[in-house]
There are 4 protein chains.
Amino acid sequence: MAQKNKIVVQTSVKDESLIELRRQQIIGGAVKLFKEKGFHRATTREIAKSAGFSIGTLYEYIRTKEDVLYLVCDHIYDEVKQQLAGITTHSGTLGELKHAIKQYFKLIDSMIDEFTIMYQETKSLSKEAMHYVFEKELGMVSFFEQIIKNCMPSGGKALTDDEIFLVANQIVVQGQAWAFRKWTLQKRYTLEEYTNAQTKLLLSGMIHLQEEE
Amino acid sequence: MAQKNKIVVQTSVKDESLIELRRQQIIGGAVKLFKEKGFHRATTREIAKSAGFSIGTLYEYIRTKEDVLYLVCDHIYDEVKQQLAGITTHSGTLGELKHAIKQYFKLIDSMIDEFTIMYQETKSLSKEAMHYVFEKELGMVSFFEQIIKNCMPSGGKALTDDEIFLVANQIVVQGQAWAFRKWTLQKRYTLEEYTNAQTKLLLSGMIHLQEEE
Amino acid sequence: MAQKNKIVVQTSVKDESLIELRRQQIIGGAVKLFKEKGFHRATTREIAKSAGFSIGTLYEYIRTKEDVLYLVCDHIYDEVKQQLAGITTHSGTLGELKHAIKQYFKLIDSMIDEFTIMYQETKSLSKEAMHYVFEKELGMVSFFEQIIKNCMPSGGKALTDDEIFLVANQIVVQGQAWAFRKWTLQKRYTLEEYTNAQTKLLLSGMIHLQEEE
Amino acid sequence: MAQKNKIVVQTSVKDESLIELRRQQIIGGAVKLFKEKGFHRATTREIAKSAGFSIGTLYEYIRTKEDVLYLVCDHIYDEVKQQLAGITTHSGTLGELKHAIKQYFKLIDSMIDEFTIMYQETKSLSKEAMHYVFEKELGMVSFFEQIIKNCMPSGGKALTDDEIFLVANQIVVQGQAWAFRKWTLQKRYTLEEYTNAQTKLLLSGMIHLQEEE
DNA sequence: CATGAATGAGGATTCATTCAT
DNA sequence: GATGAATGAATCCTCATTCAT
C-alpha cells in the first residue's frame, strides 16, 4: 500500500500547521455534509459553514470544490493505511489473516460515511485524482494478497497468484459491502457476526479451493 | 423478485405506446450520458438531445430530471427480472445455482453502464424511489436465496437461513463488483474466468461450511 | 355607452354560431381560472381544459392568450351594457338615479369575479384592447352622467358638468369598490345596506352641494 | 395604522445598512419596471439591472421574485404611514379632516406608480403577504375613522360607527381612484380641484346624513 | 373541426469562485 | 489570514404556439 504521487491541493496560506488544522475541519464538515446530501448537492457555502469558517477562508485552503472531495478521499486512505499498518503480526498464520479481516471490517464500520461517500462520488473526481484513488484501492488489495500469501498452510497445492488476487478482492469488496448494504445486512447480523460468517465462508472456500479441481 | 408499487412517472402525453417508445429513447440517451459524466453533470438539454428530441418533448414524458434517473434504475431491474426469470431450471441441483450465477454475471457484464450508474446515483433519488430500488435489490437477493435453498445437497447439516442469506448476498455483491472493478479485474480475468473462479470459491466455501464447526 | 370599434378576435372557424358557443365556453372557463390564479398564472392548456376542449381547439377560436382576456373584458361590458340598458325609466326623477345605482351595484355583485379580473388584468392587454376597455369605462360614467343630469330637481342652482362628472365617477368607483373590498365591507354591510348607505351619502352630498358655497 | 408582524424577507447578507441600501435600489428599480410592464412581464434580470446590479446580487437580498413585489408594497405603506402620521393636528375640527384628505390625496399623487402597482399585483402575493397588505389597508381606513370620529360637530345626531366606516372607506377609495383613473379625471380636474370637489361632496354628504332620515 | 404531440425561447434561481476590505 | 458581498454562467423547467393527423 505504498503511497506515491500524493496530489497536492494548492493553498495560498503559508503556515503548515494551520493548513493541517483547517483541512481537518474541512474534511470533517464535508463528510457530514456529503453523507447527508451527496457531493453535488452540498454547496461550498455549506461546506465552509460546516467546517466552521467563511467561504472566503475555505477558498484559502482549496482551489476548487473538487479539492474537498479529494481531500476526503485521501484522508480515508490515510486512515486506512495507518490503521492497517499496525495490524500485521507477521506471524504468517491463518490467525493473522482472520485478524486483518476483522480489523479491516471494523475500520470500515467506523468510517461508514466516509467510505460510502468515496465510492459514490469517486467519478466526480478529475481523471488524475480518480487514478490516485484507484491506486489506493489496489494498495488495499495487495495488502491482503501479501497476508494471504504468507499465511497459507504450507502443505497442499499452493493457490495461484490469480486465486490469491481473487480472494483478496473478495475481502476488500465484502468489507465495502458492509458499508453499502448495512441497511439490510444489519437486520440479520451484527458487525461481529457478519465478520465471523464472512471469514468462515471465505477461509473455508479458500482452503478447499485446490481440492475441488 | 415480485414487482410491487411501481412508481408512476407522470406524463402529459396520453398515447401509451408513444410513451413507451419515448421512454426507451430517454433511457437509452440517459444511460450513455450518465455513464460519461454522471447524473449531476448531465443537463436536461443534453438528455433530451441524446434521446433525440427537444427539452420540451422530454418534459412531456417526465416531471423532473430525477424521473430520468428513476426511469433508468427501473429499467435495469425490469431487464434483470426478465432475464433471470428465464434461468431457473428448477432442477434443484448445484448445477442450477452455477447456471444462475453465470447468467447473472453475464447480465451484469452486458449492462455494466447501467449498473454502474444505478449504484452510484441511487442516493440522488427521492426517498420513495430509493426505497423502490432497495426493494428490487432485496428481490435479487431472495432470488438467489431460493435457488440455494433448493439446491443444497440433502446430505449433511443444512445451512441456516442466515447463512443462505449471506451467500446470496455474496453472489449479488460479487456480480456488482464485476461492474465496479472491471477496470482492474479484467487485467487478470475474462468474465468467464472470473465467473468460474468466483463460483468455485463460493460453492467450495458453502459446501464445507457445516463441516468446519 | 355606445359601442364602437369592437375589436375582432380572429378565428379560423367559419360557423358563426359555433364560434359564439365556443367563446362562451372559453369565457366561462377563463373567468373561473383567472379569478383563482390570475391571468398570468393560468396556462392556455388550463383555459382549454376549463372550457371543455383541447388546446388545439382553443387556438381555433383565438389568436393569442391575450385574446382570452380581451374576450372576458368585452363580455363583461356587453353584459353591463345590456343590463343597464333596461334600467332607465326616463322618469327624470331622483328615484330613477337611485334605481340605476341599485341595479348597477347588483350587477357588479353578480359579476364580482369578472370585474375583479378586469380591473386587475387590464394592463396585460395590448394598447389597442386597453383603449377599447377604457372607452367602455367612460361609457359607464356617461351613462350615469346622463341620468344625473336628467334627475336633478329643477329648483336651485344646477350642478356644473364637472360636478356631475365627479358624481358619476363616484358611483362607478364605489360600485367597483364593492367588488374589490367585499372582503372587508361585507363584515358590516350586506349589499343592500351598502347600496342604501352609499346612495344616501352620495345623494345627500350632491343635493347640498350648491348650498355649501 | 399600527404596524404588526412585518414579514421578513430573507437575506444572505449580514450588513444591515447595506441591506437597507440595496433594498431601496431594488424597490426603485422595480417600481419603474413594474409600472411599465407589470410584475409578471418584468424579468428578474431586468429588475436587477434596473436596480443597478447583477441577478446574483439581487438574489442575495431576496429569496424569490415575489419578495420584490412584497418589498414594493411594504415600502408604500411605510411611506404612507410615515407621511400621514405627521398630519393629524388633533384639533378635532373639520379642518383637520380636510387637511388629512388633502395630504392623503397628495401622497397618492406623488406615489401613483407605486399605488397602481400595488393594487394591480396584490393578488400575485402569497396568502401571507396579501394578508399583511390587507391589514395595512384596514389601518388606513381606521386612520380616517379616527379623525372623522373626533371632528364631527358635536351638535346633532352623531354618525353611527358603520357610517363613519363607510365615509372613511370612501376617502380611501376615492384617493385610490385618483391613481387608477388619473388618465380620465385629469382631463377635467387638477389634483387640487379634484381634492376640493371630492372633499366638498363628501363632507356635504356626511354632514347632512343625519338630517335625511 | 378537433386533437394533442412537439417545439424551443424564455424565465427564475443557484452556486462556484473572486477580490476588496 | 479572514471575511462576505458581488458576479454571471449555468441549469431546470414552463408554456404559448404550431401543425400533422
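What you see is a predicted model; the values in this text were computed from it and never measured. The figures that follow rest on heavy atoms only: side chains count, while hydrogens, waters and symmetry mates do not. Below, chains carry the letters A, B, ... as their sequence lines are ordered, and counting in each starts from 1.
Spacing between atom CD1 of D:I55 and atom P of F:dA6 amounts to 14 Å, rounded to whole angstrom units. Rounded to an integer number of Å, the gap from A:R45 CZ to E:dT18 P is 14 Å. Atom CD in B:Q10 sits about 12 Å away from atom P in F:dT14, given to the nearest Å. The distance from atom OH of B:Y61 to atom P of E:dT7 is 9 Å, rounded to the nearest whole Å. Following rounding to the nearest Å, B:D15 (CG) and E:dA6 (C1') show an atom-to-atom distance of 14 Å. Atom P of nucleotide F:dG1 and atom CG of A:L58 are separated by 16 Å, given to the nearest angstrom. For B:R63 and F:dT14, the CZ to C1' distance is 12 Å, given to the nearest whole Å. The CD1-P distance, from B:I47 to F:dC12, rounds to 7 Å in whole Å.
Here B:A42 lies in heavy-atom contact (under 4.0 Å) with sugar-phosphate atoms only. Base contact: C:S54 has a heavy atom under 4.0 Å from a base atom. Within 4.0 Å (heavy atoms only), B:T43 reaches sugar-phosphate atoms of the nucleic acid but no base atom. Residue contacts shown for A:R22 are limited to sugar-phosphate atoms, with no base heavy atom under 4.0 Å away.
The distance from the CD atom of D:E60 to the OG atom of D:S54 is 8.5 Å, given to the nearest 0.5 Å. Taking NZ of D:K123 as the reference point, atom CZ of C:F39 lies at 10.5 Å (rounded to 0.5 Å). Annotation: the span from A:S126 atom OG to A:H131 atom NE2 amounts to 11.5 Å, rounded to 0.5 Å.
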Start with the C-alpha gap between C:D67 and C:Y61, add the side-chain angles, then the distance that decides, and say whether side chain to side chain donor-acceptor pair (under 3.5 Å) holds. CA-CA 9 Å; C:D67 281 351; C:Y61 296 93; over 6 Å; no
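One finds a side-chain N or O of D:Y59 lying less than 4.0 angstrom from the OP1 or OP2 phosphate oxygen of E:dT13. Contact between the side-chain N/O atoms of D:T57 and the OP1/OP2 oxygens of F:dT7 is found at a separation under 4.0 Å.
Ring centers of B:Y119 and A:Y119: at least 6.0 Å apart, outside the cut-off. Separation of the A:Y77 and A:Y132 ring centroids does not fall under the 6.0 Å cut-off.
Side-chain atoms of D:R41 stay outside donor-acceptor range of the base of E:dG10, with no qualifying N/O pair under 3.5 Å.
Where B:E66 and D:G56 each meet DNA chain F at their nearest nucleotide, the meeting point lying more 5' is that of D:G56. Remark on DNA chain E: of its neighbouring residues A:K65 and B:K14, the 5'-side contact belongs to B:K14, judged by nearest-heavy-atom nucleotide.
Across all non-hydrogen atoms, the minimal contact from B:L69 to B:I117 is CD1-CG2, 4.2 Å.
Rounded to 10 degrees, the angle between the two end axes of the helix from E:dA2-F:dT21 to E:dT21-F:dA2 is 0°, with five pairs used at each end.
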